[in-house]
Protein chains: 2
Amino acid sequence: MSIGETHYATRAAKMRASEIRELLKLLDRPGVISFAGGIPDPALFPTDVIREGYAAALDAGGAALQYSVSEGYVPLRQWLVRHMASIGVPCTIDNIVITSGSQQGLDYLGKLFLSPGDTALVTWPAYLGALQAFNAYEPRYDRLAPEHGNTTPAAYRMAAEAAGGRVALAYLTPDFANPSGETLSLDGRRRALALADELDIPVIEDAAYQQLRYDGEDVPPLQALDVAAKGGDIDRSRVTHSGSFSKTLAPGLRIGWICAARGVVQKLVLTKQAADLHTPTINQMVMHHAAEHAHAAQVAKIRAAYRDRRDHMLAALLRHMPAGVSWTRPQGGMFIWVTLPEGLDGAELLARAVEQGVAFVPGRAFHADGTGGNSLRLSFSLADAAAIETGIGRLGALIAGAAQAAA
Amino acid sequence: MSIGETHYATRAAKMRASEIRELLKLLDRPGVISFAGGIPDPALFPTDVIREGYAAALDAGGAALQYSVSEGYVPLRQWLVRHMASIGVPCTIDNIVITSGSQQGLDYLGKLFLSPGDTALVTWPAYLGALQAFNAYEPRYDRLAPEHGNTTPAAYRMAAEAAGGRVALAYLTPDFANPSGETLSLDGRRRALALADELDIPVIEDAAYQQLRYDGEDVPPLQALDVAAKGGDIDRSRVTHSGSFSKTLAPGLRIGWICAARGVVQKLVLTKQAADLHTPTINQMVMHHAAEHAHAAQVAKIRAAYRDRRDHMLAALLRHMPAGVSWTRPQGGMFIWVTLPEGLDGAELLARAVEQGVAFVPGRAFHADGTGGNSLRLSFSLADAAAIETGIGRLGALIAGAAQAAA
């Protein structure tokens, strides 16, 4: 027999074929203006401080190149304790584990919390990478809608039991969500936590974009609210906060973290040890150096740059989109979510858009139930003002033509 | 309720508490001579060429710090194609995926091939980290003994079915195994492959130590034998070859690879994308630089250094071990496996050994069935000749005393 017929465990066979991979390939096509990837602009990377960090780590002896502990580099975890305190979450280094990007944290949380047939509560739409990470553990999904939803805890529970499992976790991105660009209100956050308390489930707070606010007022992280409600004791909190340096400093080093109750962190450390031993030692040392020396200035710099691009894209959408198209006005992050007139399909549009030299991500990929066909995600992080104007102009003309053809 | 009562998915709850973590802590105790970790000597790291590599990667523009594809960095995969050819495995870059250390490859292979209740065939003893990676997917284990075993394929199959699953994979380390130090003969390799053919299962070849031969003749990798048997077509091979730079160049960068049939690699790439997106871009570029410029010289250098330490440890064992103690004489790698007289227990010995200032790993941890109590693993990679003499002297006296007390 050929290896092509080899049995694969169900969970792996059920994984979706990748859309992100295809999209990364689109970015390389010459002449295509890409609003596809949620990718930081490399021109904004703090390359000099990272270069200094590598030199310093290598000058400090062999430790940078040696095996290290699964929890992560202590000075980096100490820096993160201060960072978490600055956003309202009191914790100690025992509440923090370093992961190889926040994507790895999502995989480990899925491994820890999900058994096949369990229900994961996610927003419609939700971050595609979280759905892909969770899919490996074969959950079913139910819709979490803390802003406007009115599903009762009992209804969630009954639906999960009818499907042969239990409600196992809630996952959401409260700030400038990927892909919607929306920010969950304080009331919405409180409702999400109340629901989780009723269902007695962990809440995964994806905070990848949390530092990238361009206007409006900060809303406390879910974890800050929950820790406060639990008497200031993070070890009693049900929220696991998933953080990342990929959007603020640089993604290529693959450094993220999870902040959670000590009991959860201990299990994540064992999970990580079995899964990849530890995140690269030298990269953790370098990220600590960069965080110490450049984090505040870097956040200020990229906020200004991405705010400007967001404003250009919102203005271009106003100028170029035909009637019947609507979009979100994000207060931060990298994404604008566009809703097309009924009858238009984002995936069909993409094929023609690439021919016209503009790319985006069709919305259906982000919907656990396969809806969302008439939507698409635009990222404004990588294109300059001129490219935004040209690209949105092309896209507007294409949508206008498609709407006319459909009418 | 407190988060401590949160439900965890079965597979995570079943993971063993870590022994490696405890052992890493032992290494830090002042005055303890450690033969515990399978840890390369940092004095041997090619630090200068790695430093050059980081500088070159950062000078080449933003790509080193940016997101990249899940398959891995193309020039590194091209280098690995040449490396695999040099050990008898013809392949293309489509047969290679870069992983964050070979430990991650083992986790992904477990995810791909194992469902709960399936049977994994492993040697007694086997690499603890492989058992930990597989445990997350809840297999049962059966004993693989290609050198001397006489279990028939039908007997393996019946036992697996009686336990409610099927035989899903075989895992072995043919060269200078961790922990036994043993090398599988050519006949043993052929028997292992014939068994896998009969059972129609994938074979995971752990080649972490493959480059570290100190004497004797090279034996072809399982994958080389299987590819040759399949008409030279790796895409028809059932062997996945798991390789690592951790023992040759440096572990702290976390770079390993899997070489396998294209169909398996494609599934691993999807698995990796969902689990951590990709291995750090800059580390892959640096490992490519180091492989191009230092691999051959580095392998020659560490072979000489570790051969010398192995010889010191074998000589010290001869001088200091009491009658009734036996040990392996490895042709490479980092480990010597010691069998104690019946009635002595490696774990009990360790507590007293640490008090006497010497550490090792008790043998039971490496046995999927919990046997192996009267054995222990010694690593000779990290200690110099004087420390080996002193440490083995202490250990010999301790074992002699324990044997006398037990008699």
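Numbered from 1 within each chain, the chains take letters A, B, ... in sequence-line order.
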Without placing hydrogens or testing angles, list every side-chain donor-acceptor pair under 3.5 Å for residues 49-56 of chain B, not counting sequence neighbours.
{"unit_1": "B:R51", "atom_1": "NH1", "unit_2": "A:D59", "atom_2": "OD1", "d": "2.5"}
{"unit_1": "B:E52", "atom_1": "OE1", "unit_2": "B:H289", "atom_2": "NE2", "d": "3.2"}
{"unit_1": "B:Y54", "atom_1": "OH", "unit_2": "B:N283", "atom_2": "OD1", "d": "3.0"}

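Atom OG1 of B:T99 is separated from atom CG of A:D276 by 9.5 Å, given to the nearest 0.5 angstrom. Atom CD of B:Q66 sits about 5.5 Å away from atom CD1 of A:I39, to the nearest 0.5 Å. Taken from CD in B:E138 to OG in A:S115, the straight-line distance is 7.5 Å, to the nearest 0.5 Å. Rounded to the nearest 0.5 Å, atoms CD1 (A:I282) and CD1 (B:I282) are 8.5 Å apart.
B:Q103 places no side-chain N or O within donor-acceptor distance of the main-chain N or O of A:H278, the cut-off being under 3.5 Å.
Between B:G62 and A:F45, the shortest heavy-atom distance links the atoms O-CE1, 3.8 Å. Taking each heavy atom of B:G38 and A:Y67 in turn, the nearest pair found is O-CE1, 3.9 Å. The two residues A:R254 and B:L277 have their closest heavy-atom pair at NH2-CD1, 3.5 Å.
If you measure heavy-atom distances from B:T279 to chain A, the contacts under 4.5 Å come from the backbone alone. For A:A64, the part sitting under 4.5 Å from any heavy atom of chain B is the backbone (N, CA, C, O) and nothing else.
Across B:P40, B:G252, B:A57, the residue that shares the most heavy-atom pairs under 4.5 angstrom with chain A is B:G252. By number of non-hydrogen pairs under 4.5 angstrom with chain B, the leading residue of A:T47, A:L169, A:D197 is A:T47.
By the ring-ring contact (aromatic ring centres under 6.0 Å, His included) test, B:Y108 pairs with no residue at all, sequence neighbours left out.
Between A:K272 and B:D107 there is no salt bridge, since none of the side-chain N atoms of the basic residue sits less than 4.0 Å from a carboxylate O of the acidic one.
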